[in-house]
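Quick note on labels: first sequence line is chain A, next is B, and so on, each numbered from 1. Side-chain atoms are counted along with the backbone in the values below, which use heavy atoms only and exclude waters and symmetry mates.
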Amino acid sequence: MRVRFAPSPTGALHIGGARTALFNWLLARHEGGELVLRIEDTDRERSTPENVEQILDALRWLDLDWDEGPILQTARSQRHGEALQALLEAGRAYHSNATAEDVKAYKAIHGADRGFRGEPQAEGAVRLRVPDDGATVVHDVIRGETRFEHVHLDDPVIARGDGSVLYNFAVAIDDLDAGITHVVRGEDHLSNTPKQVLVLEAVRAVGFGADAPLPEYAHLPLLHGPDGKKLSKRHGAASVQELRDAGYLPEAVRNYLALLGWGAGDDATVLSTQELIDRFTLERVSRNPARFDEVKLKWLNGVYIRSLPTDELTRRIEAFTGREGLERAVRISQEKIHTLADFWPLAGSLFDGPTDDPKARERWLGEEGRAALLDVAAALEQTRGFDEASVEEALGTVIERRGAKPREVYQPLRVAITGGTISPGIFESVALLGREETARRIARALARR
RNA sequence: GCCGCUAUCGUCCAGGGGACUAGGACGCCGCCCUCUCAUGGCGGAAACCCGGGUUCGAAUCCCGGUAGCGGUACCA
């Protein structure tokens, strides 16, 4: 089995594209086949080297590797030209000056009863001659047979007036030459498929890749945004880079993306990449479009974060935040965060000093709170050690002596040392800060007002 | 408009003629645990798009409608 992932570098790699890449990759790895990476850069207006780099960067981050390529489609223009010329000479394609308006006008008259068939001219864009009779049947592994009647098809433009080829032509030639056995891509390409099959048949008839097999097709259901519309920039984390910047783990993203349009079949949700490879088959790919649900991704990411060894999670958080010496803080935060980005807002004050939350101050550092804090400061001064257990013990004494509820002691202390009401566990946080820093922060909180 | 694809809880995925009182996950609601936030545990609400047909029997097969989406570029 040889599959390919063929993004066009007209923007960053989208979540939908990433899912397509993942499915191709899983399939190749499951079958022991090869994955070819091809960059479809025949759109000269919008393709840029920066976008190519972005796509490669996204694939690397996702840890999806490939066996051949990246092949730039434009680098194959000579081959495309030869195939095009052969089609021209055989009369299976022709030059035509007809514009989109001409075709539209033609269709206005003939409706769906007759596809546009141009008259050969000396120059102009190149159109593929579609037979009037019959139909092209696309055999789709996921959807079964889809029949496209030739009378409904217009002769498609396969090359521009200057001879440069267009997508539907290049794709067919490149898949053929690369020996692709399965074309797995988004459903938005289903309607293009008959054109590509027609190109394939025409080109083989004139001796190009006549002995190469015709690829099988598998069109994946499309991915939609939370609003049910096609995924776009408006949907926030729409690109792979945005996912990375939002603090998601690549393994969690792979797991989540695999669940969009595919299911293991036995209700399994959390699946390691190896399990994904072992279990992935095209037969289990769904036919319905799926919505990208960041809430569920976030939950899954939390599952992965909690299951990571603390030192590994620390490495990732240090890389993400650009800070060092975070291990202790990571250990006490691990079960409280869902993304790498959650860490700093939760525990950053342990390093950078308390933040300022006026509401928290007002609620917990009133007369009662300050009185409690005074007791806490005294108790913390004379603990034997300063680990979590001794901190807990000391605070327990304060609670008992004051006849207070635990929170009436813990919360003022939390606000004093972190500035807010949300933090890792209070004993852990205090122990991490140490006796002196804790005392300093309490004193500062008390002095304030 | 035309061509095509799709249709099960709010979302994702199961179930593909009787095992369906339709299952799991996220989310939501309630309870428990609890120093905040989380985590964890227990429980709950929540779906077969509509109409015909086939069949002893339809969520499941067929037809139609409707809706959503895609294509209809000298974009990919």
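- Donor-acceptor pairing under 3.5 Å, judged by distance alone, is present between the side chain of A/Ser191 and the base of B/G70.
- Contact annotation: side chain of A/Lys336 to base of B/U36, donor-acceptor pair present below 3.5 Å.
- Side-chain atoms of A/Arg46 come within donor-acceptor range of the base of B/C75, with a qualifying N/O pair under 3.5 Å.
- A sub-4.0 Å separation between OP1 or OP2 of B/G40 and a side-chain N or O of A/Arg306 is present.
- Looking only at distances, a side-chain donor or acceptor of A/Asp155 sits under 3.5 Å from a matching main-chain atom of A/Val130.
- Phosphate contact (OP1/OP2 of B/U8, side-chain N/O of A/Asn288, threshold under 4.0 Å): present.
- Remark: the A/Asn192 side chain and the B/A76 base include a donor-acceptor N/O pair separated by less than 3.5 Å.
- A salt bridge is defined here as a Lys NZ or Arg NE, NH1 or NH2 lying under 4.0 Å from an Asp or Glu carboxylate O, and A/Glu327 with A/Arg331 fails to meet this definition.
- Between the side chain of A/Asp267 and the base of B/G23 there is at least one donor-acceptor pair of N/O atoms closer than 3.5 Å.
- Residue-level contact check: A/Thr42 touches the backbone only, with heavy atoms under 4.0 Å from sugar-phosphate atoms and none from bases.
- Nucleotides B/C50 and B/C56 have their C1' atoms positioned 25 Å apart, rounded to a whole Å.
- Across all strands, A/His189 comes closer than 4.0 Å to base atoms (heavy-atom distances).
- A/Gly265 comes within 4.0 angstrom of the backbone, heavy atoms only, and of no base.
- A sub-4.0 Å separation between OP1 or OP2 of B/C13 and a side-chain N or O of A/Ser286 is present.
- Comparing the same atom, P, in B/C29 and in B/C37 gives a spacing of 14 Å after rounding to whole Å.
- Distance check on atom P: B/G4 versus B/U60 gives 23 Å, rounded to whole Å.
- B/A46 and B/U54 have their P atoms separated by 33 Å, given to the nearest Å.
- The phosphate of B/C75 (OP1 or OP2) has a side-chain N or O of A/Arg160 nearer than 4.0 angstrom.
- Taking atom C1' in both B/G18 and B/G51, one finds a spacing of 24 Å when rounded to whole Å.
- Regarding contacts with the backbone of B/U72, every side-chain N or O of A/His152 stays at 4.0 angstrom or more from both OP1 and OP2.
- Taking side-chain N and O atoms only, A/Arg287 has no distance below 4.0 Å to OP1 or OP2 of B/U8.
- Under the Watson-Crick or G-U wobble criterion, with both distances below 3.5 Å, B/A7 is paired with B/U66.
- Distance A/Tyr256 OH to B/A25 P: 16 Å, rounded to the nearest Å.
- Within 3.5 Å, a donor on the side chain of A/Arg414 pairs with an acceptor on the base of B/C35, or the reverse.
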